[in-house]
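Structure, as structure tokens:
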Amino acid sequence: MDIKQNIAKTIAANVGADAAELCEWLETPPNPDMGDVAFPCFKLAKTMRKAPNMIAASLAPALGEIDGISRIEPMGGYINFFADKTSFARTTLERVLDEGARYGGSDVGSGKTVCLDYSSINIAKPFHIGHLSTTAIGNALRRIYDHLGYKTVSINHLGDWGTQFGKMILAYKLWGDKETVEKGGVRAMMQLYVRFHDEAEKDDSLNDRARAWFKRIEQHDPEAVEIFEWFKAITLKEVGKTYDLLGIKFDSYAGESFYEDKMQPVIDELREKHLLKVDNGASIVDLSEYSMPPCLILRSDGATLYATRDLAAAIYRKNTYDFDKLLYVVAYQQSLHFKQIFKVLELMGKDWVKDCVHVSFGMVSLTDGTLSTRHGRVVFLEDVLNAAIEKTLDVIKEKSPDLEDKETVARQIGVGAVVWGVVYNGRIKDIVFSWDKALNFDGETGPYAQYTHARCCSVLRKAGGYDRAKIDYSALSDEASSALVKAIAEFPAAVSEAAEKYEPYIISRSVINVCSCFNKFYYDNRIMDENEGVRNARLALTDAARNVIKTGLYLVGLEAPEKM
Ligand code: ARG
């Protein structure tokens, strides 16, 4: 960071350009032989009326001394800058060790609010493997924005409204009992729901009775509301276990039902603005001009829809949180839905809709079929996490029989392995989850990163500390050490880029880069050197690596055990 600014300032002074703009142009060369920073001279070719290689040749020797740079070389149309390894190691490590857990963070977001709508489970339905991505990506983005100084609001937009709840209540009244549902939870509710559909095929009158029950919920009939709230409480208690395993908390559980009394003003506003059209008895917003199907606002029977609730929710969130950004972490299957919602908000004149983003992602499937047979065709996320924990515990018992508190470590690694499967890939990619890959300690996996972190902790523990005042930074100029310094220095940029692109994997990759550089450094160098300055330098570097791996893992949603 600092050397880039020094370079930009010096070039700016020589060619009479803006240093901030020049800084943006600086690149990282494709390999270390070409230095640490490169300046592409073709950017100046137009104003200087000279060929890029001519500019490089004449400008390079004219730059003189630059703080933190040991060598400057023209190469074709580029000027390559070689960082002074000793001073680069010093500035990088001092910063990491001073900032600790805050390293990679900043205050760019101070005073700004980001609302994140993620996980958003459905009441009385399973919290299944399909919710893994929204949950893991949403949680990671939340932590990343927190790290950058934003105020974040995490929202679980519960799916807790719709005619299916009339069916659920009727099925419960006909065939259910309190104890079975209390004990069986969502699984028992699902069975009731399945039974309802089977029986309704034979007896259509059940559908009318179910509709009547939903009407009773809408009219706040005490009995209907009580059963409905009870279904909700059971579901939330059950998913709460999964959230606890993942270390996830929500600021708001305002779901679809929350907007029940907040939709009428939106409908009125749509009507006032002449956006509402009646079509076959239903009320719609015509979007044909924008090559989209109409956005359905009211059904012909007057019932509101998913889209109606989302319009009310967006407006409510703007009024309540005055967000600078509202992120919807939802599968790509709902792309059209969000395009429609955003367009309708735009037509309503809500200029803040430009701050709403659909952060979409691909599908997760399992290679291992065994899990999917346990409870019918749905794979419960809780089962996946517990299976990962069990498998990890077996491995720990076999490989590290003396480890204390094996259960906690197994949870940290097992859950981490599953989460990593999502946060190590670009969002849009479909993911096929495989146990072998996820629990592999050698591949580019969560457990591998956690293991490297534990190794750093072990080195530091055995050394019993080091003296920061007595570090010989020149001991870090060998290839492996300087590569690790560089990997550590690149971490803050990875955090910013991850936030900008809504892509946690950019941080995961940066963590893996630090891990593999650390492991190479660890094999190449004897950390406990007799020379105090050298030893302290290597321990400080180990400490910095430990810190970055831990912070990076936290940001993408993983814990970092100190012993494995
Ligand atoms: N409950 C929905 C589902 O499971 C996701 C809700 C996403 N958020 C929203 N504001 N529409 O598909």
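One-based numbering, in listed order, for ligands and for the atoms of each. What's counted below: heavy atoms across the whole structure, side chains too, no hydrogens, waters or symmetry copies.
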Between the protein and ligand 1, are there any N or O atom pairs that come within less than 3.5 Å of each other, and if so, what are their names and distances?
from: ligand 1; atom 1: 1 (N); to: Ser120; atom 2: O; distance (Å): 2.9
from: ligand 1; atom 1: 1 (N); to: Asn122; atom 2: OD1; distance (Å): 2.8
from: ligand 1; atom 1: 4 (O); to: Asn122; atom 2: ND2; distance (Å): 3.1
from: ligand 1; atom 1: 8 (N); to: Asp117; atom 2: OD1; distance (Å): 3.2
from: ligand 1; atom 1: 8 (N); to: Asp117; atom 2: OD2; distance (Å): 3.4
from: ligand 1; atom 1: 10 (N); to: Asp117; atom 2: OD2; distance (Å): 2.7
from: ligand 1; atom 1: 10 (N); to: Asp310; atom 2: OD1; distance (Å): 2.8
from: ligand 1; atom 1: 11 (N); to: Tyr306; atom 2: OH; distance (Å): 2.7
from: ligand 1; atom 1: 11 (N); to: Asp310; atom 2: OD2; distance (Å): 2.8
from: ligand 1; atom 1: 12 (O); to: Gln334; atom 2: NE2; distance (Å): 3.0

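Between Thr242 and Phe380 there is no side-chain heavy-atom pair separated by less than 4.5 Å. Put simply, the side chain of Ser119 reaches to within 4.5 Å of the side chain of Tyr243, judged on heavy atoms.
Judged by the 6.0 Å distance and 45° axis criteria, Lys167 is not positioned over the aromatic ring of Phe196.
When each of Leu276, Thr308, Thr304 is checked for a side chain to side chain contact (heavy atoms under 4.5 Å, CB included) with Ser283, only Leu276 meets the rule.
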- Task: Go through Arg142 and Asp251 one step at a time and tell me if the salt bridge (charged side-chain N to carboxylate O under 4.0 Å, His left out) criterion holds.
- Result: CA-CA 11 Å; Arg142 194 242 171 120; Asp251 299 310; 2.8 Å; yes
- Using the side-chain hydrogen bond (donor to acceptor under 3.5 Å, both in side chains) rule, take Lys429 and Tyr505 through it: C-alpha gap first, then chi angles, then the decisive distance, then the call. CA-CA 12 Å; Lys429 217 174 128 187; Tyr505 87 90; over 6 Å; no
